[in-house]
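Report on the structure given below.
Since the model is a prediction, treat every value here as computed from it, not as a measurement. Throughout, protein chains are lettered first and strands after them, A, B, ... in sequence-line order, and every chain is numbered starting at 1.
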Amino acid sequence: MSARLVTVGREYFARDPVELGPLLLGAVLAYQSDEGPVAVRLSEVEAYRGVGEDPGSHAFRGETRRNAVMFGEAAHLYAYFTYGMHTCLNIVAGHPGTSAGVLLRGGTIVEGIELARERRAGASDRDLARGPARLAVAMGVPLSAGGSDLLAPPFSLVVAAEPVPFEHGPRTGISGPGGGAAFPWRFWIPGDPGVSPYRRHARSHA
DNA sequence: TTGTGGATGCTCT
DNA sequence: GAGCATCCACAAA
């Protein structure tokens, strides 16, 4: 069931995020913290385009201090803090200046599962990295790791040697014109335990 | 089992 | 000052 993995160069990630998203399914992202290594096989991602193209993107309105990383080189980590308590991880895509990225929504632990269990005490194994914020917690990636090169220690990123079958649909958690079916840029591996059925519909609010 | 609503604090306007 | 690329607890069925 485990697909063959290959190392790729930075140019692999310098493409449109909507194209890159499916290619990241089955990829394995590893992070070596002081406590030890944890690796996650990605099973759910979302693509975000850049300035002026994607109302759901943090970069839609232009470069700010927070999203500056997205305007840099591909295959770097864009980490941000949201909802007062959650860290989410993105992989920067496209060429410098395009401000595109792919949000890591979920995956399964393939290495360091005991460490992940400690960090996510009380969660079942398949819940360890199911959800963007949970994934960040399970891997132990701090907000301060934002801007790191994912192709160099303490990170490593390898992708599936052959494309995996995937499905796509509306992005979740986005309100307004950027949400819903207008941008069906959420990609996942059907049947994978790392995919969450969470919030099928964006929350409607008045 | 599914659905609803509140918590929480950083970031941008 | 308001919004937010979420998660968890609790209620209802």
Side-chain angles (χ1 to χ4, degrees), chain A residues 16-18 20-22 24-25 29 40 42-72 76-94 98-109 116-147 150 168-188 193-206:
Chain A
D16 190 289
V18 176
L20 179 62
L24 290 178
L25 294 173
L29 176 65
V40 169
L42 303 177
S43 53
E44 187 178 0
V45 300
E46 272 179 19
Y48 287 86
R49 277 187 179 153
V51 176
E53 280 191 79
D54 184 352
S57 171
H58 283 177
F60 180 62
R61 293 194 193 84
E63 184 172 349
T64 65
R65 206 166 56 244
R66 177 169 65 158
N67 66 28
V69 175
M70 290 182 75
F71 288 79
H76 281 241
L77 177 71
Y78 170 45
Y80 66 88
F81 193 76
T82 190
Y83 288 95
M85 52 187 131
H86 300 304
T87 303
C88 297
L89 307 179
N90 300 247
I91 296 174
V92 177
T98 53
S99 67
V102 176
L103 169 68
L104 311 183
R105 289 197 55 85
T108 51
I109 308 289
R117 282 185 188 133
E118 273 182 42
R119 290 171 174 152
R120 300 262 306 122
S124 65
D125 280 3
R126 86 172 192 163
D127 275 346
L128 288 175
R130 195 165 63 147
R134 296 168 175 182
L135 188 142
V137 170
M139 292 191 73
V141 177
L143 196 57
S144 60
L150 294 175
H168 68 97
R171 295 183 300 192
T172 59
I174 303 178
S175 56
F183 297 88
W185 295 343
R186 177 175 172 231
F187 307 98
W188 67 90
V195 177
S196 101
Y198 190 74
R199 289 255 192 270
R200 259 174 233 161
H201 303 285
R203 177 143 101 222
S204 62
H205 66 84

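- One can place CG of A/Asp127 at 16 Å from P of C/dT6, the figure rounded to the nearest angstrom.
- Computed from coordinates, the A/Arg186 CZ to C/dT6 C1' distance equals 13 Å when rounded to whole Å.
- The distance from atom CE of A/Met85 to atom P of C/dT6 is 12 Å, rounded to the nearest whole Å.
- With A/Tyr48 as the fixed residue, the side chain to side chain contact (heavy atoms under 4.5 Å, CB included) test singles out one of A/Val102, A/Leu103, A/Val18: A/Leu103.
- Distances were taken from every side-chain heavy atom of A/Arg120 (C-beta onward) to each of C/dT6, C/dC8, B/dC10; the shortest belongs to C/dC8.
- The nearest pair of heavy atoms linking A/Arg120 to A/Val137 is CD-CG1, 3.7 Å.
- Regarding contacts with the backbone of C/dG3, every side-chain N or O of A/Arg61 stays at 4.0 angstrom or more from both OP1 and OP2.
- Atom CD in A/Glu63 sits roughly 15 Å away from atom C1' in B/dT11 (whole-Å rounding).
- Distance alone, capped at 3.5 Å, is enough to place a donor-acceptor pair between the A/Ser57 side chain and the A/Arg49 backbone.
- Distances shown here put every side-chain N or O of A/Thr82 at or beyond 4.0 Å from the OP1 or OP2 atom of C/dT6.
- Nucleotide C/dA5 holds its P atom 16 Å from the CG atom of A/Leu104, rounded to whole Å.
- The backbone N or O of A/Tyr80 sits nowhere less than 3.5 Å from a side-chain atom of A/Arg66 that would complete a donor-acceptor pair.
- Rounded to whole Å, the distance from CZ on A/Arg171 to P on C/dC4 is 14 Å.
- Across all strands shown, the partner of C/dG3 is B/dC10, judged by Watson-Crick or G-U wobble contacts whose two distances both fall under 3.5 Å.
- For the OP1/OP2 pair of C/dC8 and a distance below 4.0 Å, the side-chain nitrogens and oxygens of A/Arg134 include at least one atom meeting the criterion.
- One atom, CG of A/Leu103, and another, C1' of C/dT6, lie 11 Å apart when rounded to the nearest Å.
- Taking atom CZ of A/Arg66 as the reference point, atom P of C/dG3 lies 15 Å away to the nearest angstrom.
- A 3.5 Å limit on both hydrogen-bonding distances identifies B/dG3 as the Watson-Crick or G-U partner of C/dC10.
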Inset, instruction - Could you check A/Glu46 against A/Trp185 for side chain to side chain contact (heavy atoms under 4.5 Å, CB included), going step by step and ending with a plain yes or no? - result: CA-CA 6 Å; A/Glu46 272 179 19; A/Trp185 295 343; 6.0 Å; no

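- The side chain of A/Ser57 approaches C/dA5 more closely than any other nucleotide in the set B/dC12, C/dA5, C/dT6.
- Counting distance only, with no hydrogens placed and no angle test, the side-chain atoms of A/Tyr83 and the base atoms of C/dA5 include no donor-acceptor pair under 3.5 Å.
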